[in-house]
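Each chain gets a letter, A, B and so on, in the order its sequence line appears, and its residues count up from 1.
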Amino acid sequence: LLQAAAGFPLIAPARVLGGGGTTAPSDRIAVACIGTGWMGSANVTAFLDEPGAQVVAVCDVDSEHLAAACAQVHTKYGNKDCASYRNFEDVLARDDVDAVMIATPDHWHGLIGVAALRAGKDVYGEKPLAQNWAEGNAICEAARQTRRVWQTGSWQRSRAQFRQACELVRNGRIGKVHTVEVGLPGGLTDFDGIGHLDQPTDPPKRLDYDRWLGPAPRAPYSPARVHKTWRWNLDYGGGMLMDWVGHHVDTAHWGLGLDDTGPVEVEGTGEYTLASAVWNAPSKFRVTARYAGGLTMIISGGYDDIRRGARWIGDEGWIWVDRSGMEAHPRQVLFSRIRPDEIRLERSESHYRNFLDCVRTRRRTLSPADVALRSATPGYLGLISILNGTKIRWDPVKQRILGDPLAERLLSRPMRSPWRLS
Amino acid sequence: VAFVVVLLAILVAQEPSALEPLFAKIATYEYGSGREHLAAVTRQVTESIGSPARRKEIEARLLALAESQATAAAKDFALRELSRIGSETSIARLKALAAKADTAEMARYAMARISDSAAAASAPRAAPAKPVAALVAEMQSAVPLVRATAIRLLSEMPGATITKTIVEQYAKLPPAGQVVLLVALADRGDRAAAPLFTSTARSGEGEVRIAALSGLGKLGDESNVELLAEIAATTQGPQQAAAREALYSLRGERVDKAIVAALGAAPGRVKVELIMAAGERGIAAASTLLIAAVGEKDPDVHREALRALRYVAGVADVPALLQLLLRAATAADRRESAQTLASVLRRSGATQIELVVAAYDQTPSNEARLALIEVMGQASSDVAVPLLRALLGSPDSAIARAAILALTEWASPAPMADLLPLAREHQNPALQILALRGYLRLVALPSPRPPTESARLLGEAMSLARQAAEKRTILSMLANFACKEALEVAQAATKDRDVAEEAAAVVDRLNGLLKFL
């Protein structure tokens, strides 16, 4: 162990910042990928495509996911050097791992994220930052204390059209913004046709189900409870609202310069189209968040009145952006140039490269943990409001719920023994 | 009023008894069985949040259920709900439940929620500050991460002295450390460090020079304009890219003036770089110089000036740009001129589109007319619609084709109604397909229309599609509209041999989306 500049113990990575930009394998940032299923496999592919990174290890509690990821790495590099792990602790114990990618289900983000930071790793973590606000906040604290680099997978910040839309809004092209509409998908998608029904059965041998559950309350295995559709169960994810909050609400915040603040009042309603033990998230929802200064954000999922994407409405027009395109009224706003003296947001062609560059230079990434927490907060509070049927008052400076102890309880969740945040 | 009060009192008094059969039903709940009664209790719990008396009653029932002979699944449920509304008065009994095997885990879960506060987790704890001298020493560390962290920490401290201290360390670092130092100084934004960047940009090597050039974009001023233009003109690859980006990013009105002033007398490649910078920075004051530069013989100057005008020219320049298009000597020039003219019209809300429409009638050149039609399409102004609509029926197939393409490129779905009849019955099969593809492009544009209407439009298009390629396009679009109408179109397509497989996949996807919407 070495005593790092910040005064905190860290395990010194062997190669970071030593290569001066060369890409020989020994000079690349050694990345370990934890969670290699759906989004995880896409992230593995992305890091394999980055010349500045070397994927040295993969980790998953499903042996099929693990084998597939390992084979992918071996095929890419033409060797057999990638190590496989079932337990993330073994990955974090490796001194030669500089950074980790975390793409587990949300209920693991907080535990693994904090542990990785405390082990001296820089982290690329999937969105949302964590399954609940308190665990997200714990990640922020750990990142601050350890001075590790954190990039959240809110990759729309690395797409030109989103940056352009945000720059136009920031520079007043539609005047003073009073409302922002955020359209999210609704429903509880049955990705692989498994169905939502609670069908307790023995878990498949390939899956270490107890580890998969980890800190979540015990529950019998059911196919619809795990891969991909775990996000529709509030013990593991947060429904469509929390699945997308790290994209379009993040974009909405970016365009308004709200990266270091939050709403003062949040109110939500939800509709449940089925009563299921495994999918219990609202399938339709509407959250209204009010900010100091009169701005209102409306987050809608499953209703047609708000278009998918983010639409800022100002007193001189509006701008809408989504992955499919960008629109504005008046239309010529779209062709307005951002001049050097105006607010220009950081350009990034790749969210993964931005992370790797920041690992080398120790800069803040485009989506650091504290920004991701701010972006997710309207979702966390909206979900609490939906669950409790109450309006939430929020202090965006102290980041506290005001005058509602029952709502405050839902900012965190107890962890199943023996798991706990260090 | 008295009657209402009495009625309410009766209702409230009756509510607890209504809970009894509900709680009796959930006592036998097992994982995998119906959950309707659990959902009903959850609703009761939620509704009790605003009523302390009601909450107390439900809290007692939940606790009693957890202590009863109910199934383990029912106890799990009861303790989970209790975690939401339980009070400190339940803690003693929860402790007892935590000692029993079947309730231990969820009893602890409930206790943790009731007792703990998330507020504790939110108390910020600041990292202890480290003395400047220690950080300076660590900047010389052989361990890259320690060195980089020290540089970054130091760069975040305020004060001119700190800037000076960091600059002084530059020469003592290896190249990788110099890169980190330059990036940190640039982020720090203290222009006092600019001389280090200027000298390194002139004479540095490799990544150090690139970092210096990039940083100069943040810290430099008008005095760096010519240096950056020269480097951009004489280098290639990442160094050239960094020099260009810096030139485009330099802040201050005086930078624009310096670029315009240097434009006139600059030699060959440097002039090209300055022209590009004028375009990227949108320097309106450069438009006259750029229009003049279009007339220069140097092909690079000519081309880049034309391109830069796309971002620089304003409404007042439209007549001159129109003349550039009409007088273009080559097809490439005509294309560039058309793009430039279209850009200016788009940016200005097409306020001068009448000039383009008038020019169409006046010019005898077919090439120029085709270019003007393209401009009208990109400008997407209603003023040009009557002319374009008329040209759809032109006996000249090249003109008719250009008009279809112009409406295809429209910025809004408005011309769908013009393209649909052509997609339905154009005698020229090539133009029929072109019109159908254009129609599909317009349907795919972002639109506030409801998914059901989009599905109807695509269903109509499907009935007109003759080739598998168009049918596949329609099917891929249908998958984006989660509604019964889209599903019906896809289901019908499963009977079409050309696309049966793709249609089945879309049906599956839509079924998945629709099942729980």
B:R449, CZ atom: more than 12 neighbouring heavy atoms under 6.0 Å: yes

What closest approach, in Å, do B:A148 and A:R362 show between heavy atoms, and which atom pair accounts for it? CB-CG, 3.4 Å

In short, B:R113 meets A:S412 closest at the heavy-atom pair NH2-O, 3.0 Å

What distance do A:I386 atom CD1 and B:T46 atom OG1 have between them, rounded to the nearest 0.5 Å? 11.5 Å

Set of residues satisfying salt bridge (charged side-chain N to carboxylate O under 4.0 Å, His left out) with respect to B:R188, sequence neighbours excluded: none

Considering only heavy atoms, which portion of A:R413 lies under 4.5 Å from any heavy atom of chain B: side chain, backbone, both, or neither? both

Per-residue contact mode, A:P217 against chain B (heavy atom under 4.5 angstrom): both

Segment of B:V179 engaging chain A (4.5 angstrom heavy-atom cut-off): neither

Do you know which of A:R331, A:R308, A:Q199 has the most heavy-atom pairs with chain B at a distance under 4.5 angstrom? A:R331

Backbone N/O of B:L445 and side chain of A:S324: donor-acceptor pair under 3.5 Å: no

Closest non-hydrogen atom pair between B:Y109 and A:P414, with its separation: O-CG, 3.1 Å

Who wins among B:V45, B:L345, B:D102 for the most heavy-atom pairs under 4.5 Å with chain A? B:D102

I'd like to know which of A:R363, A:R416, A:M415, A:M326 tops the heavy-atom pair count under 4.5 Å against chain B. A:R363

Hey, does the side chain of A:R409 reach the backbone of B:A112 with a donor-acceptor pair shorter than 3.5 angstrom? no

Measure the spacing between CD of A:E342 and CZ of B:R251 and express it to the nearest 0.5 Å. 9.0 Å

Pick from B:P450, B:A411, B:S412, B:G282: which one has the most heavy-atom pairs with chain A under 4.5 Å? B:A411

Any A:R218 side-chain heavy atom under 4.5 Å of B:D76 side chain: yes

Side chain, backbone, both or neither: which part of A:W232 has a non-hydrogen atom closer than 4.5 Å to chain B? neither

When you look at CD of B:E253, are more than 12 heavy atoms from neighbouring residues, nucleotides or ligands closer to it than 6.0 Å? no

Heavy-atom closest pair, residues B:R84 and A:L410: CG-CD2, 4.5 Å

Is any side-chain heavy atom of A:D235 closer than 4.5 Å to one of B:R80? yes

Enter the distance from B:L145:CG to A:D98:CG here, rounded to the nearest 0.5 Å. 8.5 Å

Who pairs with A:F335 by ring pair (Phe, Tyr, Trp, His ring centres under 6.0 Å), at least two apart in sequence or on another chain? none

Nearest-0.5 Å distance, CZ of residue A:R347 to CD of residue B:E245: 5.0 Å

Heaviest contributor of heavy-atom pairs below 4.5 Å to chain B, chosen from A:N388, A:I306, A:D304, is A:N388

Heavy-atom pairs under 4.5 Å with chain A are the metric here; pick the option from B:A444, B:G86, B:S48, B:A73 that has the most. B:G86

Could you look at B:R310 and say if it's the side chain, the backbone, both or neither that has a heavy atom under 4.5 Å from chain A? neither

Short question: side chain of A:R337, backbone of B:E280 - any donor-acceptor pair under 3.5 Å? yes

Among the listed options B:T42, B:L181, B:D508, B:D187, the residue most often paired with chain A at heavy-atom distances under 4.5 Å: B:D187

